[in-house]
Amino acid sequence: MTGRLNTAQPYALGLFRIVVGLLFTCHGASSLFGVLGGADGEGGTVATNAWPGWYAAVIQLVGGALVFLGLGTRFAAFIASGSMAYAYFKVHQPEALWPMQNGGEASAMFCWALLLLVFTGSGALGLDRLFARSRETTEEPVRDGAAVAA
């Protein structure tokens, strides 16, 4: 059974990435465009250039879309994870110590889920793999005795 689970791991990771990216994108879209309930739950939006809300929403929208697509996953997930750490420690944590008390569960979960993707990569079903595969086929093989450029 472990062997079957190990062969399915890249696909499970790819599905995890897709779900996290989609949810993160929806979070940003609600804040920027007022869809899905909006920033305040009543269809409102975050004021343009308002610190940190508007910038966080842009990171959520763009970073979430990149993670969803599996394009530049590690970099996008790193930036997005950092923005969620900032949100937790600057916005939620001063209210109370525990996420259940301060309303920071989503920030904490997104932070850790995205940080996991920094270390695992996009898994299967991502554009990162497609581009990596095309790069491998276009590179010329190294011949014996030939110098290798870095």
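Both backbone and side-chain heavy atoms feed into the values below; hydrogens, waters and symmetry mates do not.
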Test side-chain contact (heavy atoms from CB on, under 4.5 Å) applied to L125 and R17, step by step: CA-CA 9 Å; L125 313 171; R17 174 190 48 78; 4.0 Å; yes
How close do [X] and [Y] get, heavy atom to heavy atom, and via which atoms?
X    : Y    : result
S83  : I59  : OG-CG2, 3.7 Å
S31  : A57  : CB-CB, 3.7 Å
L114 : A80  : CD1-CB, 3.6 Å
R129 : G123 : CD-O, 3.0 Å

Within one Ile-Leu-Val-Met-Phe-Trp-Tyr cluster: [X] and [Y], side-chain cutoff 4.5 Å:
X    : Y    : answer
L15  : L116 : no
L36  : V20  : no
M109 : F89  : no
F119 : Y11  : no
V19  : L127 : no

Chi angles and distances behind the side-chain contact (heavy atoms from CB on, under 4.5 Å) call for L32, W54: CA-CA 7 Å; L32 288 174; W54 185 82; 3.5 Å; yes
Heavy atoms of other groups near Y86 OH, more than 12 under 6.0 Å: yes
Measuring only between side-chain heavy atoms, which start at C-beta, is [X] closer than 4.5 Å to [Y]?
X    : Y    : result
F110 : L23  : yes
V67  : F24  : no
F16  : T120 : no
Y55  : V58  : no
L13  : L117 : yes
H92  : E105 : no

Reported OG1-to-CD1 distance for the pair T25 and I18, which is rounded to 0.5 angstrom: 11.5 Å
Pairs where residues 66-82 contributes a residue and the test side-chain hydrogen bond (donor to acceptor under 3.5 Å, both in side chains) is met, not counting sequence neighbours: T73-D128
Within residues 93-103 or reaching into it, pairs that qualify as side-chain hydrogen bond (donor to acceptor under 3.5 Å, both in side chains) - sequence neighbours excluded: Y88-N102
Remaining members of the apolar cluster that contains L5, side-chain heavy atoms under 4.5 Å: M1
